[in-house]
Engineer: 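Sharing a structure here in structure tokens format.
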There are 2 protein chains.
Amino acid sequence: MEYTINKLAQLSGVTTRTLRYYDQIGLLKPARLSSSGYRIYGQQEVDLLQHILFYRELDISLDEINAILQEPDFDEIAALKSHYQKLIQKRARLEKMMATVEKTIASKKGEIRMQDNEKFKGLKEKLIEENEQKYGDEIRVKYGDQTVDASNAKLMGMTKSDFDAMNQLGEEIFLLLEKAHATGDPSGKEAQELAAKHKEWLTYSWPTYSKEAHAGLAEMYVADERFTAYYDQRITGGTQFLRDAILIYTGMK
Amino acid sequence: MEYTINKLAQLSGVTTRTLRYYDQIGLLKPARLSSSGYRIYGQQEVDLLQHILFYRELDISLDEINAILQEPDFDEIAALKSHYQKLIQKRARLEKMMATVEKTIASKKGEIRMQDNEKFKGLKEKLIEENEQKYGDEIRVKYGDQTVDASNAKLMGMTKSDFDAMNQLGEEIFLLLEKAHATGDPSGKEAQELAAKHKEWLTYSWPTYSKEAHAGLAEMYVADERFTAYYDQRITGGTQFLRDAILIYTGMK
DNA sequence: CTTAAACGTTGACGCTACGTAAAGGTCAAG
DNA sequence: CTTGACCTTTACGTAGCGTCAACGTTTAAG
């Protein structure tokens, strides 16, 4: 498939100015020029542009991107895996900010008091944390396909209101986890309510529910850092607590 | 609590240059100046800076932020709640990107095939955020949840231009259907071109294409009166003709 | 009390990653 | 043959700072 500059711009969501600029600085040159001097982009350029945009999304300068892509031993798949890690971190930071917003609202309402330094949690941190590359890949190989399927399934049949409702529920789960974890008892009333909500949440993305699968997922949460990072965001040890609550809820323990 | 410029910078994670710049453009002025001309910030300024950084995080220009904060009926809590919603959206976009990265890895490994337009899902959505504010509601009202296609399209992260392109293609399909139907031959050149266009149209809303699914959809068109009504509105028997053409195109008949 | 380090000030120029004309060639359709 | 969509290069403009430079102030150590 070949693209003119406008077609590629529409495909990728950047402007033609951006593509010309990338050509100018030697970051992304067209595959060839037409007889009349039009820029013609091919398959390789599409893929390259995708890489560039991923790096750009992570706030890497075009200069650095150029350097990275020029490297003779540039490994596409390794780069993509690294992107994935960085995106997880970005998400974690976002969720820290969300917690800060929630807290700030509560403090404005006079429900809690807040220290000045708490007010900038999440806003301050940049992407300097790079410690989490140990177990990740193994587990991803193990569970990767499942989650791909799950996310596909989600996108396939859901309406927008479904999607919103699911996100809303996800938020409630976070709040419940906070409450329940404070009791310290995974068999307590709050924890079991948490597990029930989690089941409800699951039904949005799972075609069928079974106790076994629910318990299995709970185990995966603890094993897979993508999930531990997610649920431990606000409460350390939250993932394990959630697992314990679910195991009791499903009667698997 | 009072802060010198360096203290506030450390607290909030911005540089002193940024604080001086914000003073210069009148976005955030210190509470007072010390006898020697040093900038002294107070409690109000800390909270204001937090607001500013939240807005900045959402890619709002300093000019606009200034305008928002100057508004006489600026509601802090409402603003924070709005931030929270935007952050949820940002997270959703991040997760879309993560899914795209996973898919790209799988396609590099040769496990799946990937359309070019899939490669930029999530990356394109910045445009949406801007367009959403202008045209978003319009789109929603106009096409809202009327058609399955529209709601799917929204979920897939399409931009307005994507959506327009898809509608454009839908028009072409209608015209082609008219032409092809006139020949009466579902295996003819026009009919097969029609089926090809229909496949292209599908890639806008389908994550992956398969002949089986395409053929299955064609059967559904005939079975489901909502679709028959749609394709038969200009040409009676158009739906069946389309199905036949697709079945031949996909080799399922 | 002195003195160096740390911290503050105001210019002023530079940079990145484009946006935005301006002035003009090319191509497809009617 | 014209019209409009699409392409080209050239060139100036911008936001949000980073980064000197040149200089005054505060503080802690010797």
Side-chain angles (χ1 to χ4, degrees), chain A residues 2-41 45 49 51-69 123-124 126, chain B residues 2-41 45 49 52-69 123-124 126-127 129-131 134 161 164-165 168 171-172 175 179:
Chain A
E2 295 204 317
Y3 299 92
T4 59
I5 197 166
N6 236 321
K7 295 288 169 68
L8 182 57
Q10 285 198 356
L11 176 72
S12 64
V14 305
T15 66
T16 58
R17 176 66 175 94
T18 299
L19 291 176
R20 289 199 190 91
Y21 180 65
Y22 289 177
D23 182 6
Q24 184 186 324
I25 64 173
L27 180 57
L28 179 69
K29 301 207 167 188
R32 60 186 184 82
L33 296 180
S34 78
S35 58
S36 49
Y38 286 17
R39 292 175 179 81
I40 310 289
Y41 297 89
E45 285 72 32
L49 179 57
H51 274 293
I52 291 169
L53 295 187
F54 274 133
Y55 278 114
R56 194 181 67 165
E57 184 67 27
L58 299 171
D59 295 317
I60 296 179
S61 75
L62 299 185
D63 249 28
E64 281 181 84
I65 295 175
N66 208 354
I68 292 169
L69 296 179
L123 285 169
K124 285 174 79 166
K126 293 186 179 177
Chain B
E2 295 203 318
Y3 298 92
T4 60
I5 197 166
N6 236 323
K7 296 289 169 71
L8 182 56
Q10 285 198 354
L11 176 72
S12 64
V14 304
T15 67
T16 58
R17 177 66 176 93
T18 300
L19 291 176
R20 289 199 191 92
Y21 181 65
Y22 288 178
D23 183 6
Q24 185 187 323
I25 64 172
L27 180 57
L28 179 70
K29 301 208 165 189
R32 61 185 184 84
L33 295 181
S34 80
S35 59
S36 50
Y38 285 18
R39 291 174 179 81
I40 311 290
Y41 297 88
E45 286 72 32
L49 179 57
I52 291 169
L53 295 187
F54 275 133
Y55 278 113
R56 194 182 66 166
E57 184 68 27
L58 300 171
D59 295 318
I60 297 179
S61 77
L62 300 185
D63 249 30
E64 282 181 85
I65 295 176
N66 208 355
I68 292 169
L69 296 178
L123 285 168
K124 291 170 77 168
K126 249 189 186 168
L127 286 173
E129 280 169 33
E130 287 159 15
N131 273 5
K134 274 192 174 180
S161 53
D164 290 346
Q168 166 81 22
E171 259 319 296
E172 287 177 32
L175 295 176
K179 266 194 189 174

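Throughout, protein chains are lettered first and strands after them, A, B, ... in sequence-line order, and every chain is numbered starting at 1. Owing to the predicted nature of the structure, the values given are computational and were not obtained by experimental measurement.
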Engineer: Got a sec, which residues hit ring-ring contact (aromatic ring centres under 6.0 Å, His included) with Tyr38(B), two or more places apart in sequence or on another chain?
Structural biologist: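 Per chain and number, Tyr38(B) pairs via ring-ring contact (aromatic ring centres under 6.0 Å, His included) with no residue.
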Engineer: Select base, sugar-phosphate, or nothing to describe what Thr15(B) touches, counting heavy atoms under 4.0 Å on all strands.
Structural biologist: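 Here Thr15(B) touches the backbone only, sparing every base.
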Engineer: With Arg56(A), which residues qualify under salt bridge (Lys or Arg N to Asp or Glu O under 4.0 Å), at least two apart?
Structural biologist: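 Here no residue qualifies.
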Engineer: Kindly write out the residues that satisfy salt bridge (Lys or Arg N to Asp or Glu O under 4.0 Å) with Arg32(A), not counting sequence neighbours, or none if the list is empty.
Structural biologist: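 Scan of Arg32(A) (salt bridge (Lys or Arg N to Asp or Glu O under 4.0 Å), adjacent residues dropped) gives Glu2(A).
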Engineer: Name all residues meeting the side chain to side chain contact (heavy atoms under 4.5 Å, CB included) criterion together with Asn66(B); count only those two or more places apart in sequence or in a different chain, and write none if there are none.
Structural biologist: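 With neighbours one apart ignored, the set is Leu27(B), Gln70(B).
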Engineer: Near DNA chain C, under 4.0 Å by heavy atom, which residues of residues 18-26 of chain B?
Structural biologist: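 Output list: Arg20(B).
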Engineer: Rounded to the nearest angstrom, tell me the gap between atom CZ in Arg56(A) and atom P in dT16(C).
Structural biologist: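 It works out to 16 Å between those atoms.
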Engineer: Does Arg17(A) have a side-chain nitrogen or oxygen under 4.0 Å from the phosphate oxygens OP1 or OP2 of dA17(C)?
Structural biologist: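 So the side chain of Arg17(A) is outside the cut-off, no N or O lying under 4.0 Å from OP1 or OP2 of dA17(C).
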Engineer: Run the ring-ring contact (aromatic ring centres under 6.0 Å, His included) test against Tyr3(B) and tell me which residues pass, sequence neighbours left out.
Structural biologist: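 Expected list: none.
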Engineer: What one-letter contact string describes nucleotides 23-29 of chain C from 5' to 3', where B marks a base within less than 4.0 Å of any protein heavy atom, S marks contact via sugar-phosphate atoms alone, and - marks no contact?
Structural biologist: --BBS--
Engineer: To the nearest Å, how far apart are Ile60(A) CD1 and dT16(C) P?
Structural biologist: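 About 16 Å, once rounded to whole Å.
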Engineer: List in chain and number order the residues that pass salt bridge (Lys or Arg N to Asp or Glu O under 4.0 Å) with Asp23(B), two or more places apart in sequence or in another chain; answer none if no residue qualifies.
Structural biologist: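 With neighbours one apart ignored, the set is Arg39(B).
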Engineer: Round to a whole Å and report the spacing from CG of Asn6(B) to C1' of dT9(C).
Structural biologist: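 Atom-to-atom, Asn6(B) to dT9(C), this comes out as 13 Å.
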Engineer: Under the side-chain hydrogen bond (donor to acceptor under 3.5 Å, both in side chains) test, which residues partner Thr18(A), sequence neighbours left out?
Structural biologist: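 Thr15(A).
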Engineer: Map Asp63(B) and Ile5(A) onto DNA chain D by nearest heavy atom, then report which one ends up closer to the 5' terminus.
Structural biologist: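 Between the two, 5'-proximity favours Ile5(A).
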Engineer: Just the endpoints, please: which first and last nucleotides of DNA chain D, 5' to 3', lie under 4.0 Å from a heavy atom of chain A?
Structural biologist: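 Counting from the 5' end, contacts occupy dC6(D) to dA11(D).
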Engineer: Can you name the residues that form a side-chain hydrogen bond (donor to acceptor under 3.5 Å, both in side chains) with Ser35(A), not counting sequence neighbours?
Structural biologist: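 In terms of side-chain hydrogen bond (donor to acceptor under 3.5 Å, both in side chains), with neighbours along the sequence ignored, Ser35(A) is linked to no residue.
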Engineer: Could you tell me which residues satisfy salt bridge (Lys or Arg N to Asp or Glu O under 4.0 Å) with Glu45(A), sequence neighbours excluded, listed by chain and number?
Structural biologist: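 Glu45(A) satisfies salt bridge (Lys or Arg N to Asp or Glu O under 4.0 Å) with no other residue.
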Engineer: Rounded to whole angstroms, how far apart are CD1 on Ile52(A) and C1' on dA17(C)?
Structural biologist: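 Rounded to whole Å, this separation is 13 Å.
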